[in-house]
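Written below as structure tokens is the structure these notes are about.
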Amino acid sequence: MSTDLAPPAPSTPSTTAAGAIDATKVYGVGDAEVRALDGVTVGFETGKFTAIMGPSGSGKSTLLHCLAGLDALSSGATYVGETYLASLDDKALTELRRTKVGFVFQAYNLIPTLTADENIRLPMMLGGNAGDEAWIAQVITAVGLKDRVHHRPSELSGGQQQRVAVARALASQPEIIFADEPTGNLDSTTGAEILDFMRSAVREFGQTIVMVTHDPVAASYADRVIFVADGRIDGELTDPTSDEILERMKQLGN
Ligand code: ADP
């Protein structure tokens, strides 16, 4: 596929924040070949919270990494906004990840020597952009970190560290946030707080979030749940309960 074409035009402008078209990712060669993604076509609507679920090894993380420009496809295409990622050189891809994409990982990935406030601002500072001060203050307040911003990560609980990571992802007002098992290291109460906040970032601030999880309760916070099995999309549910998701996962053999 030519990489200088625009992604498929949605029915109204910018209703799709990111997506994949016939995305295939093959690891290894010969007998060791693994098709981690096997022709995935999916779009993620702007202003929605989407969860990607599937059994272990089904290709969820590979899909997320390829959508976010952290890994390259073997064939097919991924796009963020109007941009096909394969059309970008390394420099442009780095710039896109810094300006248009936010990340939240299971391991909070904070810099230990920087305060919460500095961690939140770091990605923007690296891009030579101070960010929108009023917005950053709003995010810090919303995430409940106002009296913790001068603490270093080691002085914060796991839940507070993940709040810093979510605030960092939101601070630059990216087109889309990709979250990979963001509550995987947290107890269920703290995890629920983070998921509540992510959902309110979508509902109140219009943020777009795509989250990989294997936890049906975490996925039930999403507006839409997409199921992946053997590197392929295997159905979806809209506004499902955790029981409905669990039932669907059982059918997928997890
Ligand atoms: P999930 O996130 O659903 O657990 P992954 O996307 O991590 O699944 O992996 C999908 C498949 O690709 C698995 O079979 C996994 O072993 C394989 N895989 C993932 N990353 C690599 C890699 N770097 N090298 C080889 N195989 C890989």
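Remember, it's 1-based here, ligands and their atoms both numbered in the order they're listed. Predicted, not measured: the structure shown is a model, and the values here were computed from it.
- Without hydrogens or angle criteria, Thr50 side chain to Phe44 main chain gives no donor-acceptor distance under 3.5 Å.
- Put simply, the side chain of Lys60 gets close to the backbone of Pro55: a donor and an acceptor are under 3.5 Å apart.
- Around the CZ atom of Arg232, the shell of radius 6.0 Å holds no more than 12 heavy atoms that belong to other residues, nucleotides or ligands.
- Assignment of Gly231 to the shell around ligand 1 is not supported, since no heavy atom sits closer than 4.0 Å.
- Using a cut-off of 4.0 Å between Lys/Arg side-chain N and Asp/Glu carboxylate O, Glu118 and Arg168 are scored as not salt-bridged.
- Set against the non-hydrogen atoms of Ala36, the atoms of ligand 1 under 4.0 Å away are 10 (C), 11 (C), 12 (O).
- By the 4.0 Å heavy-atom criterion, Gly59 is counted among the residues contacting ligand 1.
- Ligand-side atoms of ligand 1 in range of Thr62: 5 (P), 6 (O), 9 (O), range being under 4.0 angstrom from any heavy atom.
- When distances from atom 6 (O) of ligand 1 to the protein are checked, a heavy atom turns up under 4.0 Å.
- Remark: atom 15 (C) of ligand 1 lies closer than 4.0 Å to no protein heavy atom.
- Across Ala229, Pro55, Gly57, Ser61, heavy-atom proximity to atom 10 (C) of ligand 1 is greatest for Gly57.
- Residue-environment remark: CG (Asp230) stays at or below the threshold of 12 foreign heavy atoms within 6.0 Å.
- Proximity to Ser56 (heavy-atom distance under 4.0 Å) selects the following atoms of ligand 1: 4 (O).
- Ion pair Asp223/Arg199 not flagged as a salt bridge, since none of the NZ, NE, NH1 or NH2 atoms sits closer than 4.0 Å to an Asp/Glu carboxylate oxygen.
- Residue contacts with ligand 1 for Val34 involve side-chain atoms from C-beta outward but no N, CA, C or O (heavy atoms, distance under 4.0 Å).
- Atoms of ligand 1 lying under 4.0 Å from at least one heavy atom of Lys60, given by number and element, are 1 (P), 2 (O), 3 (O), 4 (O), 6 (O), 8 (O).
- Between Glu193 and Arg163 there is a salt bridge, since a side-chain N of the basic residue sits under 4.0 Å from a carboxylate O of the acidic one.
- Using 4.0 Å as the threshold, Gly54 has no heavy atom nearer than that to any atom of ligand 1.
- Applying the salt bridge (Lys or Arg N to Asp or Glu O under 4.0 Å) test to pairs two or more places apart or on separate chains, none has a residue in residues 135-160.
- Residues satisfying the side chain to side chain donor-acceptor pair (under 3.5 Å) criterion with Lys48, sequence neighbours excluded, are absent altogether.
- Against a heavy-atom cut-off of under 4.0 Å, Ser58 is close to the following atoms of ligand 1: 1 (P), 3 (O), 8 (O).
- Given atom 23 (N) of ligand 1, the protein heavy atom at minimum distance is Tyr27 CE2, 3.6 Å.
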